[in-house]
There are 2 protein chains.
Amino acid sequence: MEPGLRARKKQATRAALQAAALRLALERGPGNVRVEDIAEAAGVSPRTYNNYFSSREQAIVAGITADRAEQVAAAVVGSPAATGLGDAVVTAVVGLYADPGDRPRAAMLMVATSPALRACYADTVTSIEGPLAEAIAERCPGVDPLTAQVLSAAVGAAARVGLRQWLRPATGAGGLVVTSGSLPDLVRAALLPLAPALDAAAGR
Amino acid sequence: MEPGLRARKKQATRAALQAAALRLALERGPGNVRVEDIAEAAGVSPRTYNNYFSSREQAIVAGITADRAEQVAAAVVGSPAATGLGDAVVTAVVGLYADPGDRPRAAMLMVATSPALRACYADTVTSIEGPLAEAIAERCPGVDPLTAQVLSAAVGAAARVGLRQWLRPATGAGGLVVTSGSLPDLVRAALLPLAPALDAAAGR
DNA sequence: ACGCAAAATTGCGCGCACGCAATATTTTGC
DNA sequence: GCAAAATATTGCGTGCGCGCAATTTTGCGT
């Protein structure tokens, strides 16, 4: 059964809201954009905005991190069967942060600047946990569903730590090493300590 | 240097706010308590409330989960040196959820009922991550600080999953096993998959 | 004891999130 | 096609979170 007019229109307005939010935030700065503005730009009532997104920042970051979840899940189930679960997951997640061009880079800079956006952006990794858990369960039919959930939640948490580390504005004083490498490397480093747990669960 | 009058008074009003919030929430139900009420009960301005807590629910849950963080950290560094890091951490965290009496149980029931409180309660485990990371670093001087952070974040995430599982209102339909055991057992089960990662990091 | 600087409290105003009920639009069944 | 059921959009009202500036309280040196 195809989506139907209703669902398609819903997706359309959602996309319009995301696009409008991102555009306005980029050209005015995130602090100078009210929900009213976004709603107007998308041709919809302010109240309707909050039917789609439950915070002002959500639409902006949603415009950046569109379909992370499906990406990771697909990468995990699609990785060669020979590789261990740890490698598969780490590679899949790191793949999300390979630099994809120029427009996104400006967006990331904006995210790094605004604390509210940082927080919201970190929260988006939560959205991958569900699909990732399913992917793990599918790849390793033997594991307890709860274990799969736990592992994916742990992966999410680790990714958040890596993210946080990357967009830390350089604390200055006490920090011994402030040089944060490239994002993918940082995320990989953050995920690595979890590999033993993943492999142990996979190996039963 | 002892706290000084200033800091002590601050702690006093914070405690008063927590107590008032918890009391009012228990006797009226969490939905029927406005910030204004809590502030008034604590003899302070509504604006001041938000100088101490940044959400309406925070004061309530703070009244329940007082000094979790120090507890866990102490338990980790204080556990016998012979036990592996995995066992030490698991035991320490599980120890937080040993049933401590009757008043807390009523409070937990209230938390389980209100979605907003559930979310806020889950967020509180985040507060243990910092101290836990320090404790891990102290116990195993060899490990990378980033690794310590990652592991404690993962532990927090796992604990959240256990919590969520426990206070799930029984989805009914598709759930094969809805019988959730006791909270401590559930949390232990959730933490167990991470033990390999902890031990691996500790053993270098 | 006194006054001054630091810090906490307070009032004010703005925008946001959301429940609720009314309204408009789409889908379904005939 | 068309009425009815299902679902989406909107306006309104309430409470919340917080930046800002004025005011009060606290701590300390002399």
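Letters A, B, ... mirror the listed sequences (proteins, then strands); counts begin at 1. All heavy atoms count here, side chains included; hydrogens, waters and symmetry mates do not.
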Next on the checklist: Between A:Met110 and A:Leu22, is the side-chain contact (heavy atoms from CB on, under 4.5 Å) condition met? List the steps.
Outcome noted: CA-CA 10 Å; A:Met110 177 179 69; A:Leu22 183 52; 4.2 Å; yes
Checklist entry - Taking N and O atoms by type only, does the side chain of A:Arg6 place a donor or acceptor under 3.5 Å from a partner on the base of C:dT27? => result no
Checklist entry - With a non-hydrogen cut-off below 4.0 angstrom, is B:Tyr49 in contact with a base, only sugar-phosphate, or nothing? => result nothing
Checklist outcome for this item: Atom CG of B:Asn32 and atom C1' of D:dG15 are separated, to the nearest Å, by 13 Å
Item to check | Complement of D:dG19, any strand, by Watson-Crick or G-U distances under 3.5 angstrom | outcome: C:dC12
Checklist entry - Between B:Lys9 and C:dA8, does any side-chain N or O lie under 4.0 Å from OP1 or OP2? => result no
Item to check | Rounded distance in Å - CG (B:Leu17) to P (D:dC16) | outcome: 14 Å
Next on the checklist: Output the rounded distance in Å from CG (A:Leu24) to P (C:dG15).
Outcome noted: 16 Å
Checklist entry - At under 4.0 Å between heavy atoms, what does B:Tyr52 touch on the DNA or RNA strands: base, sugar-phosphate, or nothing? => result sugar-phosphate
Checklist entry - Hey, is the side chain of A:Thr48 poking within less than 4.0 Å of OP1 or OP2 on D:dT10, counting only N and O atoms? => result yes
Next on the checklist: Is it the case that D:dG19 (base atoms only) and B:Arg47 (side chain only) share a donor and an acceptor within less than 3.5 Å, ignoring hydrogens and angles?
Outcome noted: yes
Checklist entry - Got a second to check how far A:Ser45's OG is from A:Asn51's CG, nearest 0.5 Å? => result 8.0 Å
Checklist entry - Cation over ring, A:Arg14 on A:Phe53, under 6.0 Å and within 45°? => result yes
Checklist entry - In whole angstroms, how far is the P atom of D:dG17 from the CD atom of B:Glu36? => result 13 Å
Next on the checklist: Is a donor from one side chain sitting under 3.5 angstrom from an acceptor on the other, for B:Ser182 and B:Asp185?
Outcome noted: yes
